[in-house]
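Just below is one structure, and these are the notes that go with it.
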Amino acid sequence: MVFKKGELFSGPGGLSYGAISASISTETGEKYSIEHIWANDNDEDSCKTFRKNICPENPESVINKNVDKVDIKKLEKIDCFVFGFPCNDYSDVGKKKGIKGDYGKLYKYGIKVLDEHNPKWFLAENVTGLKSTNNGDDFNKILNELENAGKYGYELTAHLYKFEEYGVPQFRNRIIIVGIRKDLKLKFKVPAPTTKDKHITSKEAISDIPDWVSNNELPTHKKGVIEKLKHIPEGKNIWCDEVPEELKIKTKVQLSQIYRRLDSKRPSYTITASGGGGTHGYHWKENRALTNRERARIQTFPDEFEFFGKKESVRKQIGMAVPPKGAKVIFEAILKTFAGISYESVPEKYSI
């Protein structure tokens, strides 16, 4: 069985790469997989990246326009739907307007797809802050709308995934909601962690990058930045005791990720999409920020995956994406659910 997939807010294709990489076979030899049919994103560089890596033979299937300009009724019919709806208004770094913000209400376009196409299942993704905006009312409202979407409604399983427990060399928490159409009488179970007791370290992730890869240009820094980094041990940031007072940044709020080096013995801290000086992620030993390929490695994109755009655009694409390796585990669990194959699972939970 091949599930035909549509996607909104597709970004560079982190979720989609995890989806098309997932496949399972039953004891009788029947195969279950996911096929890309169409995708939408308003960022031109992200669409170029998606086309090159996900559907080079079908570039016109990626619609580069604002979601409100997409004619959902005219989209090709699909069996499954994926959307990592914009997190700007739910993120803990921001004003947390939730569904009252311009970005926060965009999830409703996902509801429109469910209402129009009635796919057999969907996967929705967002940041952990989704649980707390407007005192949790937003999360409950979104869950209610998802549950009652479409002709049949959906049986939901919401869970906070710690991606370092699913083969990703990065501490990255995200809420993922899987819904299966109620008439199909199936219940998705959260797949058990695969690397809970043996995290992959940042050093393991970004060592031995071959010369032929793209997006691996070394960054250049001003002398002042290099001087700061010289005093910061691995795993620590600009405000550690080892940094002389005259080199520390004077600010009221001391964010932990400012000029923070990786710890070579642990997974990376969360790779972010944007931010000013000091937020780019820094090598545990070398006095420099990470290259975009190193960030992509930490996000588990394969070396063959090529990103398009200028350096900051590529950095944003990588930081916004869902780690493909972690996503693949979840998609394979969905396929096993439909194939009737049992797998090790854990109770659903959506708070830390």
Side-chain angles (χ1 to χ4, degrees), residues 9-17 39-54 62 64-67 84-95 102-103 106 125 127 169-170 172 174 202 205-206 209 213-226 228-229 232 237-238 249 251 255-262 268-284 286-324:
F9 317 110
S10 53
L15 274 172
S16 203
Y17 194 87
N40 161 253
D41 200 275
N42 68 349
D43 182 71
E44 184 177 0
D45 288 339
S46 294
C47 288
K48 288 180 180 178
T49 299
F50 192 105
R51 291 183 184 114
K52 172 63 162 48
N53 298 281
I54 305 300
V62 182
N64 178 204
K65 58 175 65 175
N66 288 336
V67 68
F85 54 103
C87 63
N88 311 56
D89 287 322
Y90 302 108
S91 175
D92 290 329
V93 182
K95 296 182 180 179
D102 292 336
Y103 294 99
L106 293 179
E125 176 269 343
V127 294
Q170 176 188 183
R172 191 180 189 92
R174 291 294 185 270
S202 58
I206 68 173
I209 295 178
V213 299
S214 60
N215 311 115
N216 199 38
E217 302 86 356
L218 288 173
T220 57
H221 299 296
K222 295 179 180 179
K223 290 182 179 179
V225 172
I226 295 174
K228 288 180 174 65
L229 291 172
I232 303 174
N237 64 22
I238 189 65
I249 297 173
T251 179
L255 298 175
S256 65
Q257 295 199 168
I258 301 297
Y259 289 113
R260 182 178 174 187
R261 286 190 184 273
L262 298 180
S268 168
Y269 50 86
T270 303
I271 296 296
T272 57
S274 59
T279 64
H280 292 208
Y282 296 84
H283 197 278
W284 66 84
E286 298 176 25
N287 295 322
R288 62 171 178 83
L290 299 175
T291 69
N292 277 325
R293 180 52 55 186
E294 288 169 337
R295 296 186 184 102
R297 278 274 190 102
I298 289 169
Q299 280 277 61
T300 68
F301 283 96
D303 287 345
E304 296 80 11
F305 200 102
E306 182 180 0
F307 295 86
F308 287 84
K310 295 182 179 179
K311 281 186 179 180
E312 277 304 303
S313 173
V314 171
R315 178 191 168 206
K316 180 180 179 181
Q317 292 174 55
I318 294 169
M320 291 286 283
V322 177

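Quick note: residue numbers are just sequence positions, from 1. Since this is a predicted model, take the numbers as computed values, not measurements.
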Just wondering, do [Y] and [X] contact through their side chains at under 4.5 Å, heavy atoms?
X: T300; Y: P169; answer: yes
X: V67; Y: N42; answer: no
X: V62; Y: I54; answer: no
X: V322; Y: R174; answer: no

Considering all heavy atoms, the nearest [X]-[Y] contact:
X: P219; Y: L290; result: CG-O, 4.4 Å
X: Q299; Y: I318; result: NE2-O, 2.7 Å
X: A296; Y: F307; result: CB-CE1, 3.9 Å
X: S313; Y: F308; result: OG-O, 4.1 Å
X: S268; Y: S202; result: N-CB, 3.9 Å
X: A39; Y: F50; result: CB-CZ, 3.7 Å

Would you say [X]'s side chain and [Y]'s backbone share a donor-acceptor pair under 3.5 angstrom?
X: D43; Y: G11; value: no
X: R293; Y: V213; value: no
X: R288; Y: L218; value: no
X: Q170; Y: I271; value: yes
X: N40; Y: K65; value: yes
X: E294; Y: T291; value: yes

Electrostatic pair K310-E312, nearest N-O below 4.0 angstrom: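 A salt bridge is absent here (no side-chain N lies under 4.0 Å from a carboxylate O).
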Lys/Arg N to Asp/Glu carboxylate O, R297 vs D303, below 4.0 Å: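 Salt bridge between R297 and D303, a charged N being under 4.0 Å from a carboxylate O: yes.
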With T49 via side-chain hydrogen bond (donor to acceptor under 3.5 Å, both in side chains) - residues at least two apart: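 T49 satisfies side-chain hydrogen bond (donor to acceptor under 3.5 Å, both in side chains) with Q317 only.
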Ring pair (Phe, Tyr, Trp, His ring centres under 6.0 Å) assessment of Y17 paired with F305: CA-CA 10 Å; Y17 194 87; F305 200 102; 5.7 Å; yes
Test applied, side chain to side chain contact (heavy atoms under 4.5 Å, CB included); reference residue, R260; option that passes from N237, T279, I238: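 When N237, T279, I238 are each tested with R260, the side chain to side chain contact (heavy atoms under 4.5 Å, CB included) holds only for N237.
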Option passing side chain to side chain contact (heavy atoms under 4.5 Å, CB included) with N287 (candidates K228, R261, H221):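 Single pass found, and it is R261.
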Distance, nearest 0.5 Å, that separates OG1 of T272 from CE of M320: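 Interatomic distance, T272 OG1 to M320 CE, rounded to 0.5 Å: 11.0 Å.
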Spatial distance of atom NZ (K52) from atom SG (C47) [nearest 0.5 Å]: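 Interatomic distance, K52 NZ to C47 SG, rounded to 0.5 Å: 15.5 Å.
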Pair Y259 and Y282, ring centroids less than 6.0 Å apart: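 Judged by ring-centre distance (under 6.0 Å), Y259 and Y282 do meet the cut-off.
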Flag for N292-R315: side-chain donor and acceptor within less than 3.5 Å: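 Not at all, the side chains of R315 and N292 share no donor-acceptor pair under 3.5 Å.
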